[in-house]
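Proteins get letters first, then strands, A, B, ... in listed order; numbering begins at 1 in each.
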Amino acid sequence: MKKYLVIILGPTGIGKTDLSVDIALRFKTEIISCDSRQFYRELSVGTAVPSPFLLNKVRHHFIQHLSVTDYYSASLYERDFLNLSGQLFRKHDTLILTGGSGLYIDAACGRLDDIPDVDPEVRNKYLRKYSEEGLESLRADLRYIDPDYYRIADLRNHKRIIRALEISESTGKPYSFYLHNKGKERNFSIIKTGLRMDRDELYHRINDRVDSMVSAGLEKEARKMIPLRYNNALNTVGYKEFFSYFDGDISREKAIELIKRNSRRYAKRQMTWWARNKDIKWFHPEEKENIISYVEKMTENCEL
RNA sequence: GGGGAGAUACCAAAGUGGCCAACUGGGGCAGACUGUAAAUCUGCUGUCGAAUGACUUCGUAGGUUCGAAUCCUGCUCUCCCCA
């Protein structure tokens, strides 16, 4: 029996959660989350994890299975996803993958090249070098170690440069050596559906959703995270703005306003990420029946 | 009724004779991104154009000047103070 991974992606706040549950029920299957912030068990209000009611209706995976203190990455997600989907495909022909984390979705789809793990010491070394000597120093290293990547790299983005340096140094081969961009074979077919709507409509939804998060206790949740705030998982919209408020740098109203703005910008970045992906079939979230028939059609056609 | 202050692009706010299509901030738009990605980084934001550039702007109508957002006059509106 052929296996299908149905992906439901879309920007934050567009309504993926409810729709995914309906679709999973229709196909009598389970949902794998691909939302890099819903992984953390300490976060729930600010990440809009599915309600207990929904979690009870359909089995979800990768929801709050990590701690904000855990190290995690797109490649770990790829590994975990392959393990899990391998198991679930024994019971189901179709699985639902829902989320808004573009890079993680790509990881699940096999679009990341295999690159060896790096020695954390090497990473720390370059992070230290960046804070002590600045970007220019890292650039000089990169030009020497990996001139090919240097030519195409975003030389103003320290994260890109550090990544290339740490790989090159840890593995003894330049970062560009590992970049093939071929894509890896998966033993299931991928059906990508995307949700979109008018910008104004989406921005209204986002603004309203932030207000409801605040009434649902986002501030309290953020306050509890103060001791853990320097973990990367908390460099997240909804938390970092409240930290600024707790520090006395901005007012509470300002923090809420910034959460809305940053959520809007995040949504835009997500849409930009997917814009170049031509094999996504786009729908308005209200077109539930259309999505279902599209998926049915795709799964039937492929079986022929 | 008297006195004072001001009207600048989506908003806020600089500019006070040429270096001004106009600083800066916000908001917005667009993009990049193969390992902490809700992160990180970049460009644009008067109109037309891929671009050199052209054209129209600084409440409004005139005027002074080689040249005005900047100076002068009338008008309109806003705000503040005193009555």
* Report yes if at least one side-chain N or O of A:Ser263 is closer than 4.0 Å to OP1 or OP2 of B:A38; otherwise report no. => no
* Asked: Hey, does the side chain of A:Tyr71 come within less than 4.0 Å of B:G35's phosphate (OP1/OP2), counting only N and O?
  -> no
Please name all residues satisfying ring-ring contact (aromatic ring centres under 6.0 Å, His included) with [X], sequence neighbours left out, ordered by chain then number.
X	value
A:Tyr130	A:His158
A:Tyr71	none
A:Phe89	A:Phe188
A:Tyr239	none

Is [X] touching bases, backbone alone, or none of the nucleic acid, heavy atoms closer than 4.0 Å?
X	answer
A:Asp70	nothing
A:Tyr72	sugar-phosphate
A:Arg156	sugar-phosphate
A:Asp117	base

* Name the stems that RNA chain B belongs to, where each is three or more consecutive Watson-Crick or G-U pairs with both distances under 3.5 Å? -> B:1-7 with B:76-82, B:10-12 with B:24-26, B:27-32 with B:40-45, B:46-48 with B:53-55, B:59-63 with B:71-75
* Near-strand residues of residues 38-49 of chain A, defined as heavy-atom separation under 4.0 angstrom from RNA chain B -> A:Gly46, A:Thr47
* Close residues, residues 128-153 of chain A, relative to RNA chain B [heavy-atom separation under 4.0 Å] -> none
* **Pairwise salt bridge (charged side-chain N to carboxylate O under 4.0 Å, His left out) hits with a residue in residues 4-26 of chain A, at least two apart** => A:Asp22-A:Lys288, A:Arg26-A:Glu289
* Inter- and intrachain pairs under salt bridge (charged side-chain N to carboxylate O under 4.0 Å, His left out), touching residues 35-53 of chain A, at least two apart -> none
* Has the side chain of A:Asp154 got a donor or acceptor that lies under 3.5 Å from a partner of the other kind on the base of B:U42? -> no
* Report yes if a donor N or O on one partner sits less than 3.5 Å from an acceptor N or O on the other, where the partners are the side chain of A:Asn262 and the base of B:A38; otherwise report no. => no
* To do: Would you confirm whether the ring centroid of A:Phe62 sits within less than 6.0 angstrom of the ring centroid of A:Phe81?
  => no
* In whole Å, what separates the C1' atom of B:A61 from that of B:C55? -> 23 Å
Please write out the pairs of protein N or O atoms and N or O atoms of nucleotides 9-12 of chain B separated by less than 3.5 Å, giving the distance to one decimal.
none

* What string of B, S and - do you get for nucleotides 24-29 of chain B, 5' to 3', when a contact is any protein heavy atom under 4.0 Å? -> --SSSS
* Could you name each residue pair satisfying side-chain hydrogen bond (donor to acceptor under 3.5 Å, both in side chains) that touches residues 177-188 of chain A, not counting sequence neighbours? => A:Glu78-A:Lys184, A:Glu78-A:Arg186, A:Asp114-A:Lys184, A:Thr171-A:Tyr178
